[in-house]
> 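Supplied in structure tokens, the structure appears directly below.
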Amino acid sequence: MKSIYDYTQEQLIDEFLELGEKKFRATQVFEWLYLKNVNSFHEMNNISQGLRQKLSALYSIGPLQINVKQVSKDGTIKYLFELEDGGLIEAVLMVHDYGRSLCITSQLGCNMACEFCASGLLKKQRNLTAGEMVNQVLTVMHDTGERVSHVVVMGTGEPFDNYDEVMKFVRIINHPHGLAIGARHITISTCGLVNMIERYSNEGIQTNLAISLHAPNDEIRDQLMPVNKAFNMDSLRKGVADYIEKTNRRVTFEYILLDDVNDSLAHARQLAHYMRGLNAYVNLIPYNSVDEHGFKPSSHVEEFKDELLRLHINCTVRKEHGRDIDGACGQLRAKRSGVI
Ligand code: SAH
């Protein structure tokens, strides 16, 4: 059965017209789903009984199944959801002073095979649909009774390897008559699929772009991230520069500090050189240990940051959330599931 969450408002209107229903019925249903956040067609009481029954027979509706919910000391919540086909995915809710930010999963598994990441230990089984991504947001809102104000596509998966569905997801949650999550509150993170960055720069949307860089030169990046063999750092830099020129948006480079791998002052200087002239800043990520990988967290985080600042490169150190529940960056892997 098709999920009702798989439609943008425009697509829902087309769908309703094809069913012989009026256009405004589609906008009403859209508002019930996202503005009023109801979980069944039955509750849509300005829609006729007949249409409600018809919709129930045609579309699936309602929250994802929550298999496990873990709450961290810092208030972060990690959810393990079960999809209709039995697939298991995770999402992480972080509570900030400025709102609630949800990190969502875009693929079941991941094929990018980054050396330091837990998520890639399970190869990609399939892409998630837009509706499955939308439903992560809705289910969390329903479960907590609070609005999600920010969304980061930084859970398991490479969003630009599932481009169309991810963009459709963004359009659905951004719609003003729906969840109305502002474009500037939505961030997509990619490991650097340059051809897709180009496509993204033509979307005409104000969402944010983050790039998982993690290395100051090709030699190191080749070792950490296989994607660098397809799109090296020069091509990535050019792609990012073009993106910035087209969109006038600032880009974030994510950089995990790995002990003795990419964390020397010389590396900081190389990174500063790479970024010179780009409207971008660096988000330094303390490494979160993953049992299967041999890396250790750097003990030079502050020195690395100070060197970048000295060279006038904007940078912050990411505050990690939910490390005690394996909910921090790179730790998502549907652990309780026995999948791995
Ligand atoms: N595939 C996309 C989306 C995943 S984002 C991307 O690569 O950007 C997840 C972020 O966490 C990425 O920046 C990733 O490189 C980072 N990460 C992966 N493993 C990590 C670990 N063990 N510790 C800290 N960050 C990690």
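For the numbers below, each heavy atom of this structure counts, side chains included, while hydrogens, waters and symmetry mates do not. Note that ligands are numbered from 1 as they come in the structure, with each ligand's atoms numbered from 1 the same way. Computed from a predicted structure; not experimentally measured.
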> At less than 4.0 angstrom from any non-hydrogen atom of Val290, what atoms of ligand 1 do you find?
22 (N)

> Does His321 use its side chain to pair, donor to acceptor, with the backbone of Lys319 at less than 3.5 Å?
yes

> Taking atom CD1 of Ile47 and atom CD of Gln53, what is their separation to the nearest 0.5 Å?
13.5 Å

> Pull out every atom of ligand 1 sitting under 4.0 Å from any heavy atom of Cys191, numbered as shown with elements.
6 (C), 7 (O), 8 (O)

> Check ligand 1 against Gly155 and write out every atom of the ligand that is under 4.0 Å from a heavy-atom position of the residue.
4 (C)

> What atoms in ligand 1 come closer than 4.0 Å to a heavy atom of Ile285?
24 (C), 25 (N)

> Report yes or no: does Cys110 have a heavy atom closer than 4.0 Å to ligand 1?
no

> Is any side-chain N of the basic residue among Arg199 and Asp164 closer than 4.0 Å to the acidic one's carboxylate O?
yes

> Measuring from non-hydrogen atoms of His214 to any atom of ligand 1, is the shortest distance under 4.0 Å?
yes

> Check Ile211 against ligand 1 and report side chain, backbone, both or neither, counting heavy atoms closer than 4.0 Å.
neither

> Between Asp242 and Lys246, does at least one N-O distance fall below 4.0 Å, as a salt bridge requires?
no

> Is a salt bridge present between Glu21 and Lys54, judged by a nitrogen-to-oxygen distance below 4.0 Å?
yes

> Output yes when Arg126 and Glu132 qualify as a salt bridge under the 4.0 Å nitrogen-oxygen rule, no when they do not.
yes

> Just wondering, more than 12 heavy atoms not from Lys69 lying within 6.0 Å of its NZ?
yes

> With respect to atom 3 (C) of ligand 1, which of Ser212, Gly157, Pro286, Ser289 exhibits the smallest heavy-atom separation?
Gly157

> Relative to the heavy atoms of Cys117, which atoms of ligand 1 are at a distance of less than 4.0 Å?
18 (C), 19 (N)

> Using a strict 4.0 Å cut-off to heavy atoms of Phe116, name the atoms of ligand 1 that fall inside it.
15 (O), 18 (C), 19 (N), 22 (N)

> One pair to check against side chain to side chain contact (heavy atoms under 4.5 Å, CB included): Val137 and Ile181. What are the steps and the verdict?
CA-CA 11 Å; Val137 182; Ile181 299 175; 4.2 Å; yes

> Among Ser106, Gly192, Cys103, Ser189, whose heavy atom sits nearest atom 2 (C) of ligand 1?
Ser189

> Does an N or O from Glu254, backbone or side chain, lie closer than 3.5 Å to an N or O of ligand 1?
yes

